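Here you go, one structure.
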Number of protein chains: 2
Amino acid sequence: MAALSGVSVKTASRALSGEGYVAVETKARVQSAADELGYRLNRTARELRRGGNTSTLVGLLSGDLANPFYSRLASGLERELRMHGLQLITASTDENPEWEGRLTDSLLERRVRGLVVASTMAEHGHLAAERRHGSPFVFVDRPPVNLTADAVLLDNRGGAKRAAEHLLERGHRRIGIVGDLSRLSTHQDRVEGFAEAMEAAGIADWREYLLEDAHDVDKAERAVLALLARDPAPTAVFTTNNRITTGALRALRQGGGGRDTALIGFDELDLGDVLGVTVIAHDPEEMGRHAARLLLSRLDGDEGPARRVVLPTRLVERSTTAPR
Amino acid sequence: MAALSGVSVKTASRALSGEGYVAVETKARVQSAADELGYRLNRTARELRRGGNTSTLVGLLSGDLANPFYSRLASGLERELRMHGLQLITASTDENPEWEGRLTDSLLERRVRGLVVASTMAEHGHLAAERRHGSPFVFVDRPPVNLTADAVLLDNRGGAKRAAEHLLERGHRRIGIVGDLSRLSTHQDRVEGFAEAMEAAGIADWREYLLEDAHDVDKAERAVLALLARDPAPTAVFTTNNRITTGALRALRQGGGGRDTALIGFDELDLGDVLGVTVIAHDPEEMGRHAARLLLSRLDGDEGPARRVVLPTRLVERSTTAPR
DNA sequence: GTGAAAGCGCTAACAC
DNA sequence: GTGTTAGCGCTTTCAC
């Protein structure tokens, strides 16, 4: 104990934690003793003693950090939290509901101050008890089901509808749509928005060209190739997220009839401007910042009803949908 | 306390922590009482009592998660750690040494089990005392200075040399090089490797076309435009990381004389294959996995001398350096 | 300005 | 199988 080098127990605490009420000289003595011993305050013990809500940890549960959507979300979230003295602890679920459950438990056991979750679960009723006693939740990207909680979502339906309309305006009628895991609400919303525009245009059989569950780049590439091999082939493709768009670009690059196929993707791409890919863009960092702000206001004592923020998307027109 | 609902104190602990030696019936009773009360074990308290090294947290300090290099590193690291029951806590330094110091302290106060750091500091001697008593460090991407510690690095020099050689083989003599913050060792190594190849080819004045400190995409774009405006302009450009390459692609796309300029970049790009950008590629996830393994072996009691893993890079030839 | 004692929630050690 | 006691490292009282 650093106390040995100085002359006390509690005084050391006062000196090192900057509580004040310590003689300047004493403080200096304790400080140097601590440095020498390589001693460091134990924040864990402090938080335990202080009781209640003193942890400075906020958990993030998301699919996979290697996906730029999640990593940009995490980046925006972390920056905003850090400005308020909070730290981010991340856990990847790989879109596996079972893991998500386990990781949620683990974070709650750690008494995180709050939880931000891009959930892959079908249902969140089991968290109701938790929410009453425990830390606030903020859902991002996908809304809570059977649970009232704050959420920051995208205008998936509107964005997808706009994508379809854009293609329809360009004269396309046979439009392929390649989607992610069909159980995800984001996927369903995007398909719905697409359907709305297609049906409004009198195209009832759009499902002919619907391919789902293309969860990674490889699957997406194969799905798009399969679509292009149809007879008649679609003249345009809508891909419902960044990875699927990547797969589609790989497929289209392979030539064949693909070169002429129009493409529009949901989510901005890192090099979307250079590649000239038309996209439905939005701002993942902004989503993270919003989530942080909602959480912070709850930590600040806001007991109001659950809030739902819906972030807009915008069409960024580039060459993959330019008139041929 | 859940003990009230059941009939004990320690027994509850035994039941909930799965220690065993509890009657099946008792266990069930405690369990359901806990569920009702929304009670949850406090892992923080447990770790405190257990003392020593029982935390399951591993810290990662890196530049910015929004950069795919770091997020892929984090992803690889997290996956490997998770398989061994460890969780990742991330902190972004934004390449600010002062923040890195503060964040390091904060993680150590939290008694993380180990620390993985892509350091932006010039010097790490101050961590020597820490290392003796505390948790192991693993340096990634950039080596420790004045400190002996495990490290996972890239073959920066070799990769950059290969890049220059590739351009020289294609007949280029005036080759621009645009680099990141000049104080970073990765930058310096890459410039050195480049210089080696250039000087071996008898090009002594390569520094004429060296531009440094292009730390973000915008700065890189402007740097490349400035380079192209020179007279005589370089016929090829080597960009020393992913963001700079992105900036360069934006600059080259703007036409002018740029269209003909050859380009090779360090780091793979998300859509590098689709865009046809020649790169010096490597595997950030693999770097994360290696770091995790080094850390795990230290936690496992390995007291051997510090190890240094150098990961290879490879040239991926695509159209931006194809003969015109 | 400083110290002594008690206790945060848990578990190791030793009872019973 | 279960309960008791003590103590992890800190901070909160309340003294001095």
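Computed from a predicted structure; not experimentally measured. Residue numbering restarts at 1 for every chain, and letters A, B, ... go by the order of the sequence lines.
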- Query: Should B/Glu47 and A/Arg110 count as an ion pair when the cut-off is N to O under 4.0 Å?
  - Reply: yes
- Rounded to the nearest angstrom, tell me the gap between atom CZ in B/Arg110 and atom P in D/dC10. 14 Å
- Task: Give a yes or no on whether the backbone of A/Ile89 and the side-chain of B/Gln87 come within a donor-acceptor separation of less than 3.5 Å.
- Result: no
Heteroatom pairs (N/O) under 3.5 angstrom, protein to nucleotides 11-15 of chain D:
{"from": "D/dT11", "atom 1": "OP1", "to": "A/Arg46", "atom 2": "NE", "distance (Å)": "3.1"}
{"from": "D/dT11", "atom 1": "OP1", "to": "A/Arg46", "atom 2": "NH2", "distance (Å)": "3.4"}
{"from": "D/dT11", "atom 1": "OP2", "to": "A/Ser13", "atom 2": "OG", "distance (Å)": "2.3"}
{"from": "D/dT11", "atom 1": "O2", "to": "A/Arg49", "atom 2": "NE", "distance (Å)": "3.1"}
{"from": "D/dT12", "atom 1": "OP1", "to": "A/Arg50", "atom 2": "NE", "distance (Å)": "3.2"}

- Item | Over all atoms of both residues, closest heavy-atom pair of B/Ser71 and A/Leu65 | CB-O, 3.5 Å
- Message: Distance check needed: C/dC8 C1' versus B/Asn42 CG, whole Å only.
- Response: 9 Å
- Query: Between B/Arg142 and B/Glu95, is the closest basic N to carboxylate O distance under 4.0 Å?
  - Reply: yes
- Message: Closest approach to the side chain of A/Tyr39, judged atom by atom: which nucleotide of C/dT2, D/dG1, D/dG9 is it?
- Response: D/dG9
- Task: Please confirm whether B/His124 and B/Phe139 have ring centers closer than 6.0 angstrom.
- Result: yes
- Message: OP1 or OP2 of D/dG1 versus the side-chain N and O atoms of B/Thr11: is any pair under 4.0 Å?
- Response: no
- Query: Once you round it to whole Å, what is the distance between C1' of D/dC10 and CG of A/Leu48?
  - Reply: 8 Å
- Which part of the nucleic acid, if any, lies within reach of B/Arg111 when heavy atoms closer than 4.0 Å are counted: base, sugar-phosphate only, or nothing? nothing
- Task: Go through the side-chain N and O atoms of B/Thr120 and B/Arg183 and say whether any donor and acceptor fall under 3.5 Å apart.
- Result: yes
- Task: Can you tell me the distance, in whole Å, between the CG atom of B/Leu16 and the C1' atom of D/dT2?
- Result: 15 Å
